[in-house]
Peer 1: 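Submitted below is the structure of interest, expressed as structure tokens.
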Amino acid sequence: MMNREDIEAVKALLTSPKKIVVLPHRNQDGDSMGSTLGLYHFLTQLNHGVTVISPNEFADFLKWMPDSDKVMLFEENPKNCEPKLQEADIIFTLDFNALHRTGDLFGSYLQQLDKTFIMIDHHQLPDSYARYMYSDTAMSSTCEMVYHFIHQLGMEQLINTKVATCLYTGIVTDTGSFRFSSTTGTTHRVAADLIDKGINNAEIHTNLFDTSSYDRMQLLGKALQNMQLMPEYKTSYITLTQAELDAHNHQKGDTEGFVNYGLTIDGIDFTAIFIENKAEGIIKISFRSQNSFDVNQFARTYFNGGGHINAAGGRSTETMEETVSRFVKIVKEIKK
Ligand SMILES: [Mn+2]
């Protein structure tokens with residue numbers, strides 16, 4: 001819950017039409033897209049002028065979402081986005097809690113804006129840029145938080161099928177289809193209520209998970225063949241080089257979910273996937289764990305990243321070989 005004082009202040013802000021920008025993090029996932037578009041469809045009903053600005057282009061598997069074609073892209077078209085940000089009365093930041101998560105350039109641009117920021121997010125250790133903050137690391141997803149936020153405002157009658165479709169999407173993707181331990185009874189009750197709003201939940205699952213290309217399936221095959229096990233440390237990891245991505249005509253979003261296969265092996269409680277990005281000169285890393293092994297802490301300490309206890313991301317500017325051998329060495333040291 002957002003604290004009482006803040007929710008009243010936000011409610012007062014929203015009583016007259018405002019110019020509002022809604023921001024997700026860079027490299028969007030289902031929860032960032034669902035929460036930003038869900039809030040967008042809620043706020044437009046209150047006659048606010050609302051713009052969703054994504055830091056960069058987002059994956060095809062999110063492009064079916066209602067009004068996703070209206071989302072503006074900062075990196076691709078900064079000149080069109082800057083006036084929207086300059087004239088905004090309110091900027092919502094959803095599913096992230098540090099401005100640099102929108103990218104280094106966009107992050108420093110946002111840093112110098114003198115605006116009323118409102119944060120809704122479930123990651124650990126929030127920065128202090130927001131005037132109003134709803135931060136709860138126990139939440140399954142930012143989409144679940146947006147649902148509670150709308151209820152706290154007393155405006156739940158505005159959760160129509162578009163809002164519900166967006167919020168359901170983020171809950172499904174961030175909970176691994178209701179599998180992760182962050183899934184609570186309340187999460188299910190929220191999902192049930194969203195289904196009761198008349199959404200096509202079966203179609204949402206199909207749109208999200210059953211639209212792979214042949215190339216993507218071949219790439220998954222390659223990733224699984226590349227999987228390495230360190231059974232004595234209950235650890236597995238996958239690597240994908242730029243050459244391997246290129247060989248399978250890699251499209252944005254194709255590797256979404258690959259990391260989770262590492263945990264499906266019996267006896268493994270920690271896994272990572274290392275994906276080379278030649279254009280950015282980095283190895284992008286995702287970490288997943290079961291039980292109490294804290295990958296947020298691991299990612300923060302060793303790989304310039306962070307996230308949640310059981311799911312986090314990081315990055316390395318070393319080569320793939322250097323990155324992986326450093327990872328193996330660290331695992332051997334800390335998981336003895
Ligand atoms: Mn999230």
Side-chain angles (χ1 to χ4, degrees), residues 1-2 22-42 52-56 58-59 61-62 65 68 71 92-103 107 117-127 130 133-150 163-184 186-188 190-191 194 204-205 208-209 253 255-260 273 284-289 294-297 299-300 305-314:
M1 293 284 174
M2 189 179 252
V22 184
L23 299 177
H25 55 73
R26 201 168 185 278
N27 298 325
Q28 290 217 63
D29 56 21
D31 191 32
S32 67
M33 196 71 178
S35 56
T36 52
L37 281 176
L39 189 68
Y40 164 87
H41 286 293
F42 164 71
V52 178
I53 300 180
S54 177
N56 63 340
F58 50 88
F61 82 99
L62 299 170
M65 295 184 68
S68 59
V71 173
F92 278 91
T93 68
L94 300 189
D95 201 36
F96 68 95
N97 62 19
L99 294 177
H100 67 83
R101 291 281 288 111
T102 61
F117 283 93
I118 304 176
M119 177 204 297
I120 303 179
D121 178 65
H122 64 139
H123 296 84
Q124 304 201 348
L125 302 176
D127 276 359
M133 203 158 103
Y134 174 21
S135 168
D136 187 347
T137 58
M139 281 285 151
S140 70
S141 54
T142 300
C143 280
E144 183 177 338
M145 300 175 79
V146 170
Y147 175 95
H148 296 312
F149 173 70
I150 293 172
V163 176
T165 295
C166 294
L167 297 185
Y168 185 84
T169 296
I171 293 173
V172 167
T173 52
D174 253 30
T175 60
S177 303
F178 305 100
R179 288 189 300 128
F180 302 150
S181 59
S182 58
T183 309
T184 63
T186 302
T187 311
H188 278 284
V190 169
L194 295 174
I204 292 171
H205 287 264
L208 288 172
F209 305 117
T255 56
E256 192 77 30
F258 283 12
V259 63
N260 297 315
I273 187 167
K284 219 177 147 267
I285 317 168
S286 295
F287 302 102
R288 295 289 183 276
S289 69
D294 185 349
V295 293
N296 169 58
Q297 195 55 48
R300 270 178 203 280
H308 311 282
I309 287 173
N310 294 128

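First listed ligand is number 1; within each ligand, the first listed atom is number 1.
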Peer 1: For the residue pair S182 and S140, what are the closest heavy atoms and their distance?
Peer 2: O-CB, 3.6 Å

Peer 1: Of all the heavy-atom pairs spanning Q124 and I309, show the shortest one and how long it is.
Peer 2: NE2-CG1, 3.5 Å

Peer 1: Report the atom name of the nearest N/O/S atom of D95 relative to the Mn ion (ligand 1).
Peer 2: OD1

Peer 1: Identify the two heavy atoms, one from T142 and one from I120, that lie closest to each other, and give their separation to 0.1 Å.
Peer 2: CG2-O, 3.5 Å

Peer 1: What is the name of the N/O/S atom of D31 that is nearest to the Mn ion (ligand 1)?
Peer 2: OD2

Peer 1: Are any N, O or S atoms from H122 nearer to the Mn ion (ligand 1) than 2.8 Å?
Peer 2: yes

Peer 1: Of all N, O or S atoms in D174, identify the one at the shortest distance from the Mn ion (ligand 1).
Peer 2: OD2

Peer 1: So if I apply the side chain to side chain donor-acceptor pair (under 3.5 Å) rule between H122 and each of D136, D174, T137, which one comes out positive?
Peer 2: D174

